[in-house]
Number of protein chains: 2
Amino acid sequence: MSGAGITIGALSEQTGVNIETVRYYERIGLIPPAHRSAGGRRVFDTDDVQRLSFVRRARQLGFSTDEIRSLLDVAKGARACKDAHALAVKHRDAVRASIRDLRRLERTLTEAADRCSKGASPGCAIVEALSH
Amino acid sequence: MSGAGITIGALSEQTGVNIETVRYYERIGLIPPAHRSAGGRRVFDTDDVQRLSFVRRARQLGFSTDEIRSLLDVAKGARACKDAHALAVKHRDAVRASIRDLRRLERTLTEAADRCSKGASPGCAIVEALSH
DNA sequence: GCTTGCTCCTGTAGCCACTACAGGAGTTAA
DNA sequence: TTAACTCCTGTAGTGGCTACAGGAGCAAGC
């Protein structure tokens with residue numbers, strides 16, 4: 001038997017989530033406490049694989065663990081889809097803001113680096129830029 | 001007297017760096033240990049204002065504290081401008097990579113949110129996207 | 001049955017760059 | 001003198017992991 005007895009190592013391989021991270025997610029309640037074998041080891045099933053994959057993809061999209069908790073609630077029907085939509089839009093707006101900030105940063109860094117590489121100014125152009 | 005005796009509070013206001021952060025920077029050696037008054041309080045001067053402003057601008061550009069240490073070395077001539085240039089370019093490339101990642105993220109989030117708001121699918125489009 | 005080597009367990013501490021206290025002491029204006 | 005304010009040190013918390021230490025379960029080979 002035990003057709004669906006998945007060890008934490010196998011779960012980690014299947015989902016791409018680090019073993020320590022799996023235990024961490026359990027500790028903070030992002031995934032439910034795993035069932036245990038007679039020897040006290042965690043035993044997972046395919047549902048656990050699904051859920052952990054969900055969590056991983058959400059993390060890759062940059063959602064915080066708290067946000068993922070809400071998304072999981074939506075997934076299991078305990079919360080309205082509207083909430084997931086609001087989260088996604090809010091997060092997307094934050095991402096857009098980050099992109100704007102980083103673009104400005106990139107310009108500033110490029111300008112400083114270009115002036116420096118041209119060796120025009122007497123001091124260091126990057127240090128100059130930071131000293132104002 | 002004490003024409004240049006700046007308290008930590010005044011320094012914080014002039015540079016926009018939090019008081020606790022100033023003490024933190026001193027603790028990790030990003031700024032040198034401040035001089036002390038008879039009563040044991042930190043006393044800063046205009047050089048300290050300059051240096052802390054430098055640190056702040058570098059942080060705003062996303063340099064790590066270790067990188068800022070190197071930039072400060074360049075600023076005081078203990079290290080070549082070439083090193084600052086290398087740091088700036090390396091950091092700019094990291095920023096560019098971040099922007100690329102965030103753009104992809106933004107597309108994914110927008111797509112999921114748009115499908116959701118249209119209310120076309122039976123379940124939640126965002127949850128669907130995360131469940132694959 | 002025993003050993004070897006692998007995986008797993010718990011608990012704790014570290015990472016980065018701060019931020020937020022608690023509990024006490026110096027300083028300044030009324 | 002007193003009240004209000006600023007500052008001091010030391011410690012702990014944040015998020016999202018990651019990395020041990022020191023021990024125990026478990027499978028395969030001899």
Side-chain angles (χ1 to χ4, degrees), chain A residues 1-2 5-31 33-45 48 52 54-72 87 91 94-95 98 101 105, chain B residues 1-2 5-31 33-45 48 52 54-72 87 91 94-95 98 101 105:
Chain A
M1 283 289 143
S2 77
I6 299 169
T7 65
I8 196 170
L11 178 71
S12 172
E13 262 188 38
Q14 284 182 47
T15 57
V17 176
N18 196 316
I19 289 180
E20 313 260 25
T21 307
V22 174
R23 289 197 277 250
Y24 167 71
Y25 284 165
E26 187 190 80
R27 198 163 62 244
I28 66 168
L30 202 54
I31 57 176
H35 298 115
R36 297 296 180 127
S37 73
R41 299 192 165 193
R42 288 177 184 80
V43 180
F44 300 91
D45 60 24
D48 295 319
L52 188 56
F54 183 100
V55 171
R56 186 184 180 229
R57 283 188 284 264
R59 280 296 299 136
Q60 283 179 332
L61 288 181
F63 287 104
S64 72
T65 48
D66 264 359
E67 287 168 336
I68 294 174
R69 256 182 266 268
S70 303
L71 291 173
L72 284 165
L87 268 180
H91 184 48
V95 168
S98 285
D101 290 350
L105 230 69
Chain B
M1 285 289 146
S2 76
I6 300 169
T7 66
I8 196 170
L11 178 71
S12 171
E13 261 189 39
Q14 282 182 48
T15 59
V17 176
N18 197 317
I19 289 180
E20 314 260 23
T21 305
V22 175
R23 289 198 276 250
Y24 167 71
Y25 285 165
E26 187 190 82
R27 199 163 61 244
I28 66 169
L30 201 54
I31 58 177
H35 297 116
R36 299 294 180 128
S37 73
R41 301 193 163 192
R42 289 177 182 81
V43 180
F44 301 91
D45 59 25
D48 295 319
L52 188 56
F54 184 100
V55 170
R56 186 184 179 227
R57 283 188 284 265
R59 281 296 300 135
Q60 283 178 333
L61 288 181
F63 287 105
S64 73
T65 48
D66 263 0
E67 287 169 336
I68 295 174
R69 257 182 266 269
S70 302
L71 291 173
L72 284 166
L87 268 179
H91 184 47
V95 169
S98 284
D101 289 350
L105 229 70

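Below, chains carry the letters A, B, ... as their sequence lines are ordered, and counting in each starts from 1. This is a predicted model, so every value here is computed, not measured.
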Below 4.0 Å: OP1/OP2 of D/dT9 and any side-chain N or O of B/Arg42: yes
For A/Gln60, is the CD atom crowded, meaning more than 12 foreign heavy atoms sit under 6.0 Å from it? yes
Output the rounded distance in Å from [atom1] ([X]) to [atom2] ([N]).
{"X": "B/Leu30", "N": "C/dC16", "atom1": "CG", "atom2": "C1'", "value": "13 Å"}
{"X": "B/Arg59", "N": "C/dC18", "atom1": "CZ", "atom2": "C1'", "value": "9 Å"}
{"X": "A/Asp66", "N": "D/dC17", "atom1": "CG", "atom2": "P", "value": "13 Å"}
{"X": "A/Arg41", "N": "D/dA27", "atom1": "CZ", "atom2": "P", "value": "8 Å"}
{"X": "B/Phe63", "N": "C/dA17", "atom1": "CZ", "atom2": "P", "value": "13 Å"}
{"X": "A/Ile68", "N": "D/dG16", "atom1": "CD1", "atom2": "C1'", "value": "10 Å"}
{"X": "B/Leu52", "N": "C/dC18", "atom1": "CG", "atom2": "P", "value": "11 Å"}
{"X": "A/Ile31", "N": "D/dC17", "atom1": "CD1", "atom2": "C1'", "value": "14 Å"}

Using a 4.5 Å cut-off on heavy atoms from C-beta on, say whether the side chain of [Y] contacts that of [X].
{"X": "B/Ile19", "Y": "B/Arg23", "answer": "yes"}
{"X": "B/Tyr25", "Y": "B/Arg59", "answer": "yes"}
{"X": "A/Thr7", "Y": "A/Arg42", "answer": "no"}

Would you mind telling me which residue lines up with the more 5' stretch of DNA chain D, A/Thr65 or A/Ser37, judged by nearest nucleotide? A/Thr65
In numerical order, the residues of residues 7-29 of chain A whose heavy atoms come under 4.0 Å of DNA chain C are A/Thr7, A/Ile8, A/Gly9, A/Ile19, A/Arg23
Between the side chain of [X] and the main-chain N/O of [Y], is any donor-acceptor distance below 3.5 Å?
{"X": "A/Glu26", "Y": "A/Ala34", "value": "yes"}
{"X": "B/Gln14", "Y": "B/Leu11", "value": "no"}
{"X": "A/Arg57", "Y": "A/Leu61", "value": "no"}

Tell me which one of B/Thr15, B/Thr21, B/Val22 satisfies side-chain contact (heavy atoms from CB on, under 4.5 Å) with B/Asn18. B/Thr21
Determine whether B/Arg36 and B/Val43 satisfy the following criterion, side-chain contact (heavy atoms from CB on, under 4.5 Å), listing intermediate values before the conclusion. CA-CA 5 Å; B/Arg36 299 294 180 128; B/Val43 180; 6.0 Å; no
The correct list of stems in which DNA chain C takes part (3 or more consecutive Watson-Crick or G-U pairs, distances under 3.5 Å) is C:1-30 with D:1-30
